[in-house]
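Note that this is a predicted model, so its numbers are computed, not measured.
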Amino acid sequence: MTVTTGLATAPRPVSFSTVGLPDAQRIALWEDHNAQALIGLRCHTLGEAPFDGTELNLQLEQMHLARVRGNAHVVERPAEVIRKHPADAVAVYLTLVGEAFFYHNDGVLTLRPGQVLICDADRPFMRGFSRGLEELAIKVPRPLFRELTGLDSLSTPLVRDFAGGDVQARTFARLIDRALRPEEGEPVDERIALDLLASMAGNRPVLGTVHLANARIFIEDHLTDSGLTAARIAAGIGISERHLSRAFAATGVTVPQFVLAGRLERARALLASSPQIPVREVAARCGFGSATHFSQAFRARFGMRATDLRRQARARRLA
């Protein structure tokens with residue numbers, strides 16, 4: 001099976017919400033939507049308030065993605081629902097807001113914000129959100145998951161922590177989250193996302209594409225640090241400097257070149273959006289230890305001085 005990237009067609013997210021629908025129809029319509037767009041579930045509210053749910057769905061070539069928000073409720077996937085709506089897939093849930101419990105055959109798990117759950121979508125389970133939720137949900141076809149990991153199924157759910165030191169989970173969460181932002185959503189490379197998922201499942205060696213994705217996210221998060229070095233990046237994602245250099249060598253860009261480009265792009269965006277900030281301060285905010293070095297690098301990359309861009313941005317605001 002060939003894993004394609006999903007970048008060519010650049011599909012856009014589609015939104016569904018129960019807000020504004022008749023109270024008596026909300027649960028049924030929510031269940032119908034999820035059965036078609038993601039995974040068939042049975043839904044129950046908690047308390048007297050009508051169910052408020054919003055789902056942003058993105059269908060890639062091989063994965064189904066969703067951002068789900070809702071008030072307090074419980075969802076079930078019992079045997080009869082599985083027979084009616086078989087998924088033949090693995091489900092991945094990334095908790096963003098609100099704790100969630102997960103009942104399955106072997107017990108109960110409590111998922112906190114910053115944790116990811118990987119489970120078999122065709123094994124009965126129940127999930128509950130006593131204070132509501134916001135989460136990212138991903139459905140991965142079982143044949144594809146099997147090819148990536150060598151696992152036919154997941155008899156026991158897996159939990160990883162993307163808010164802590166789990167580098168693969170953190171990068172995976174960031175890529176999915178960006179793809180599911182309705183206004184500024186970024187295309188997600190399915191190949192990289194699937195490599196990250198396989199790495200999280202623990203049954204596949206970590207590939208160079210995963211190291212590269214991890215490094216790029218780490219760099220992005222630390223661009224403002226003027227002391228950001230290849231050694232620190234490598235340590236931050238848990239690999240050697242040699243492995244880091246190899247990962248970037250495949251792109252034709254060195255680690256210092258990538259860091260510099262990221263800082264300059266961030267500086268250009270900041271100058272354009274906030275022209276009241278002095279150039280020296282922009283340089284410092286973007287991780288440049290020297291304003292002179294920043295000015296020279298900016299002109300070399302963009303063919304104009306940073307002060308000129310700032311002046312143009314101020315003029316546009318006054319026009």
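Between D308 and R311, at least one side-chain N (NZ, or NE/NH1/NH2) sits under 4.0 Å from a carboxylate O, which counts as a salt bridge. Under 4.0 Å is where a charged nitrogen must lie from a carboxylate oxygen, and between R69 and D52 no such pair does. Checked for salt-bridge contact, R131 and E99 miss the test: no charged N lies under 4.0 Å from a carboxylate O. The pair R170-D166 fails the salt-bridge criterion, with no side-chain N (NZ, NE, NH1 or NH2) lying under 4.0 Å from an Asp/Glu carboxylate O.
The minimum heavy-atom distance between L38 and A66, with the atom names listed, is CD2-CB, 4.0 Å. Across A231 and E241, no two heavy atoms sit closer than the pair CB-OE2, 3.5 Å. The two residues I39 and A121 make their nearest non-hydrogen contact at CD1-CB, 3.9 Å. Closest approach of L58 to R12, counting heavy atoms only: CD1-C, 3.6 Å. For the pair R123 and S153, the tightest heavy-atom approach, listed with the atom from each and the gap, is NH2-OG, 3.6 Å. Shown here for I233 and A215, the closest heavy-atom pair between the two residues is CG2-CB, 4.1 Å.
Between the OG1 atom in T171 and the NE2 atom in H211 there is a gap of 11.5 Å [rounded to 0.5 Å]. How far CD1 of I237 is from CD of Q168: 8.5 Å, rounded to the nearest 0.5 Å. Distance check, rounded to the nearest 0.5 Å: CG of N57 to CG of N34 gives 7.5 Å. Between the CG atom of N214 and the CD1 atom of I239 there is a distance of 8.0 Å, given to the nearest 0.5 Å. In this structure, CZ in R174 is found 10.0 Å from CD in E186, a value given to the nearest 0.5 Å.
Tracing side-chain contacts under 4.5 Å through hydrophobic residues (I, L, V, M, F, W, Y), one never reaches L207 starting from F145; they form parts of separate clusters. A chain of hydrophobic side-chain contacts below 4.5 Å, direct or via other Ile, Leu, Val, Met, Phe, Trp or Tyr residues, connects F248 to L223. Tracing side-chain contacts under 4.5 Å through hydrophobic residues (I, L, V, M, F, W, Y), one reaches L194 starting from L65; they form part of the same cluster. By the rule that hydrophobic residues join a cluster once side-chain heavy atoms approach within less than 4.5 Å of another member, Y93 and M126 end up as members of separate clusters. Hydrophobic cluster membership is shared by V116 and I192, with clusters built from Ile, Leu, Val, Met, Phe, Trp and Tyr side chains linked at under 4.5 angstrom.
Here the side chains of P124 and V81 are not in contact, with every heavy-atom distance at 4.5 Å or above. By the 4.5 Å heavy-atom criterion applied to side chains, L228 and F218 are counted as neighbours. Looking only at side-chain heavy atoms (C-beta outward), I82 and F125 stay at 4.5 Å or farther from each other. Side-chain contact between E135 and L117 is absent, with no heavy-atom pair separated by less than 4.5 Å. Using a 4.5 Å heavy-atom threshold, the side chains of L264 and F288 count as touching. Within the 4.5 Å cutoff, the side chain of T54 has heavy atoms near those of the S15 side chain. Using a 4.5 Å cut-off on side-chain heavy atoms (C-beta onward), L309 and F302 make no contact. The side-chain heavy atoms of I277 and R310, taken from C-beta on, include no pair separated by under 4.5 Å.
The environment of CZ in R314 is sparse: at most 12 heavy-atom neighbours from other residues, nucleotides or ligands sit within 6.0 Å. Within 6.0 Å of NE2 in H33 there are more than 12 heavy atoms belonging to other residues, nucleotides or ligands.
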Check: Is there a ring pair (Phe, Tyr, Trp, His ring centres under 6.0 Å) between F172 and F162 once you walk through the steps?
Finding: CA-CA 8 Å; F172 181 80; F162 64 86; 9.2 Å; no
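Ring pair F129/H73 is tilted by interplanar angle, where 30° to 60° counts as tilted. Taking the six-membered ring for Trp and thresholds of 30 and 60 degrees, F16 and W30 have ring planes inclined between 30 and 60 degrees apart.
Among L158, I118, I176, the one residue that satisfies the side-chain contact (heavy atoms from CB on, under 4.5 Å) test with V92 is I118. Between D122 and the options R77, K139, K84, a salt bridge (Lys or Arg N to Asp or Glu O under 4.0 Å) holds for only R77.
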Pairs of donor and acceptor atoms involving the side chains of residues 104-112, under 3.5 Å and at least two apart or interchain, shall be tabulated with distances.
from, atom 1, to, atom 2, distance (Å)
H104, ND1, D106, N, 3.4

Could you list the donor-acceptor pairs under 3.5 angstrom formed between side-chain atoms of residues 292-300 and any protein atom two or more places apart in sequence or on another chain?
from, atom 1, to, atom 2, distance (Å)
S295, OG, A291, O, 3.1

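Every pair passing salt bridge (charged side-chain N to carboxylate O under 4.0 Å, His left out) that includes a residue from residues 268-277 is listed here, sequence neighbours excluded: E265-R268.
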